[in-house]
Amino acid sequence: MKFEALAVIGLGYIGLPTAATFASRGLKVIGVDVNKKAVDTINQGKIHIIEPDLDIVVRSVVQSGNLRATTAAVEADAFIVAVPTPFKGNKQPDLSYIESASKAIAPVLKKGNLIILESTSPVGATEQMSAWLAEARPDLTFPQQAGEASDIRVAHCPERVLPGKVMIELVNNDRVIGGMTPLCSSVAADLYKLFVQGECIITNARTAEMCKLAENSFRDVNIAYANELSIICEKLKINVWELIRLANRHPRVNILQPGPGVGGHCIAVDPWFIVDSAPDDAHLIRAAREVNDHKPHWVMEKVMDAVKEVSVAKLIPEDKVSVACLGLSFKADIDDLRESPALEIACNLSITHAGKVYAVEPNISVLPQLSEGARLELIDLEAGLAADIILLLVDHKPFKAINPLSLKGKHVIDTRGAWAV
Ligand code: SAJ
């Protein structure tokens with residue numbers, strides 16, 4: 001199939017890079033977002049999120065007229081839905097953004113259109129999206145009703161790009177294409193082949209949905225294993241970083257790195273979609289989530305023990321012991337604080353510990369809205385290193401560059417192994 005106009009619904013961390021990349025390959029792309037501020041920023045050729053090289057591509061495609069942003073959906077040959085799929089309080093997937101996107105595009109749909117769901121979704125979400133669309137447009141036929149003869153093609157093609165490397169991975173990664181019918185898959189593959197240099201691998205929608213969830217759960221389980229090892233090693237007086245380095249010398253072992261917990265809006269969320277779909281069977285996946293969610297509490301306890309030790313060693317009251325938290329983002333060298341275990345630990349410490357708790361985060365200039373009662377102070381690295389307890393939470397480059405010998409006399413808690421020998 002030949003595509004001329006594409007509409008991308010949702011201009012966030014995935015939608016905007018995807019829209020810009022298609023536009024850079026000559027397609028006329030309309031980006032649609034409910035956030036008027038984001039739409040205005042993009043139409044000025046600027047970006048509202050941080051991602052290396054995205055600014056250059058957006059500037060050039062807005063200037064060339066190939067990318068335009070709006071708040072209302074317009075007609076196109078293909079539609080890509082890239083809206084958030086968070087979970088609700090009870091850890092059940094919240095599909096309300098997909099439902100709103102379906103309602104937004106339904107009125108402009110026409111025969112021959114392709115609709116792709118890119119958002120990470122629980123199994124069955126693509127069928128659900130197609131059902132919402134069919135309900136809104138009884139004059140058109142959809143794959144669940146007419147199979148290969150449908151007026152509209154529907155597929156799930158999950159994004160799998162790593163924040164920080166989105167512009168590279170978007171093009172180079174293999175792409176899983178899960179159509180609701182084989183024809184839906186083949187039309188969707190035609191679209192992605194416009195820029196994907198990796199392989200476009202065809203499957204069905206449900207397998208594609210589960211594939212994305214399985215990838216992120218695999219990583220979560222592996223990190224949980226590393227986090228559990230780190231707690232066991234602490235008890236057994238073994239350096240976990242050295243242990244993992246040695247174990248990974250085995251040709252069939254590849255253990256990931258322990259840390260203060262797992263953050264971000266993908267790995268800490270997606271495994272729950274599997275648990276929700278099969279609560280009686282997803283034992284390991286649930287346990288991994290629990291192990292990783294427990295890690296920030298374990299780190300907190302370690303710091304509170306350290307406060308007692310420092311107070312005794314320096315003969316000062318506990319409320320005179322200062323703690324500097326190095327790093328607040330959910331992983332190294334980014335400014336993204338969403339679902340960050342580092343931020344959670346720093347805030348909770350500032351509530352639990354009566355003394356000063358400082359935060360050093362070179363990638364932000366002001367603290368976000370903190371949890372109730374938190375009294376964190378953002379200071380620079382040099383000032384932070386004067387604290388009694390140095391708690392490394394994120395292995396940002398400037399922190400890794402510190403010579404651990406210069407920290408002699410400090411009580412150091414390195415949750416990332418940044419200074420491990
Ligand atoms: N982390 C560890 N130890 C490790 C690796 C990571 O504690 O060895 C922590 C990080 O510090 C962070 C969290 O895990 O808090 C997640 O970071 P990440 O770099 O593993 O992953 P994300 O969330 O940035 O991106 C993931 C990627 N998924 C996989 O690698 C399987 C990415 O490819 C997905 O596209 C993305 O989720 C997504 O959008 O789902």
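Any value given below was found using the heavy atoms of this structure, including those in side chains, with hydrogens, waters and symmetry copies removed. Atoms within a ligand are numbered from 1 in the order they appear, just like the ligands themselves.
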Check your understanding: Where is the tightest heavy-atom contact between Val262 and Ala268, given as atom of each residue plus distance?
Key -> O-CB, 3.7 Å
Exercise for review: Just need the protein heavy atom nearest to atom 19 (O) of ligand 1, so name the residue and atom and give the distance.
Suggested key: Lys331 NZ, 2.8 Å
Review point. Any idea which part of Arg416 is under 4.0 Å from ligand 1, heavy-atom wise: side chain, backbone, both or neither?
Key: side chain
Review point. Counting only heavy atoms, which portion of Gln257 has something under 4.0 Å from ligand 1: side chain, backbone, both, or neither?
Key: both
Exercise for review: State whether the number of non-hydrogen atoms from other residues, nucleotides or ligands found under 6.0 Å of Glu4 atom CD is greater than 12.
Suggested key: no
Exercise for review: Using a strict 4.0 Å threshold on nitrogen-to-oxygen distance, state whether Glu99 and Lys103 make a salt bridge.
Suggested key: yes
Point to revise | Nitrogen or oxygen of Glu215 less than 3.5 angstrom from that of ligand 1 | key: no
Exercise for review: Taking all non-hydrogen atoms of both residues into account, name the closest pair between Val321 and His353 and its distance.
Suggested key: O-NE2, 2.6 Å
Study note, to complete from the structure: atom 31 (C) of ligand 1: closest protein heavy atom, distance to 0.1 Å, is Asn216 OD1, 3.3 Å
Review point. Among protein heavy atoms, which lies nearest atom 34 (C) of ligand 1, and at what distance?
Key: Val161 O, 3.5 Å
Practice item. May I ask you to decide if the ring planes of Phe22 and Tyr192 are parallel, tilted or perpendicular, using 30° and 60° as cut-offs? Key: tilted
Study note, to complete from the structure: The protein heavy atom nearest to atom 21 (O) of ligand 1 is Ile267 CD1, 3.6 Å
Review point. Leu256 heavy atoms, cut-off 4.0 Å: which ligand 1 atoms fall inside?
Key: 8 (O)
Check your understanding: Of all heavy-atom pairs between Cys157 and Gly178, which one has the smallest distance, and what is that distance?
Key -> SG-N, 4.3 Å
Expected list for residues 399-409: side-chain donor-acceptor pairs under 3.5 angstrom, two or more places apart:
from	atom 1	to	atom 2	distance (Å)
Asn403	OD1	Leu405	N	2.9
Ser406	OG	Asn403	O	2.6

Check your understanding: What protein heavy atom sits nearest atom 33 (O) of ligand 1, and how far away is it?
Key -> Arg160 O, 2.8 Å
**Study point:** ligand 1 to Lys212 polar contact by distance, N or O atoms, under 3.5 Å
**Key:** yes
Practice item. Heavy-atom contacts with Pro163 under 4.0 Å: which atoms of ligand 1 show up? List them by number with element. Key: 24 (O), 25 (O)
Point to revise | Protein heavy atom at shortest distance from atom 14 (O) of ligand 1 | key: Ile223 CD1, 3.6 Å
Check your understanding: Out of Leu349, Ile351, Leu367, which residue meets the side chain to side chain contact (heavy atoms under 4.5 Å, CB included) rule with Leu376?
Key -> Leu367
Exercise for review: Applying side chain to side chain donor-acceptor pair (under 3.5 Å), name anything that partners Thr18, two or more places apart in sequence or on another chain.
Suggested key: none
Review point. Is any N or O atom of Gly263, backbone or side chain, closer than 3.5 Å to an N or O atom of ligand 1?
Key: yes
Exercise for review: Go through the steps to decide whether Val29 and Val8 satisfy the test side chain to side chain contact (heavy atoms under 4.5 Å, CB included), and finish with yes or no.
Suggested key: CA-CA 7 Å; Val29 182; Val8 177; 4.1 Å; yes
Check your understanding: When you measure from atom 15 (O) of ligand 1 to every protein heavy atom, which one gives the shortest distance, and what is it?
Key -> Phe330 O, 2.7 Å
Check your understanding: Which of these, Glu159, Glu339, His265, has its nearest heavy atom closest to atom 39 (O) of ligand 1?
Key -> Glu159
Point to revise | Identity and separation of the nearest protein heavy atom to atom 30 (O) of ligand 1 | key: Arg219 CD, 3.3 Å
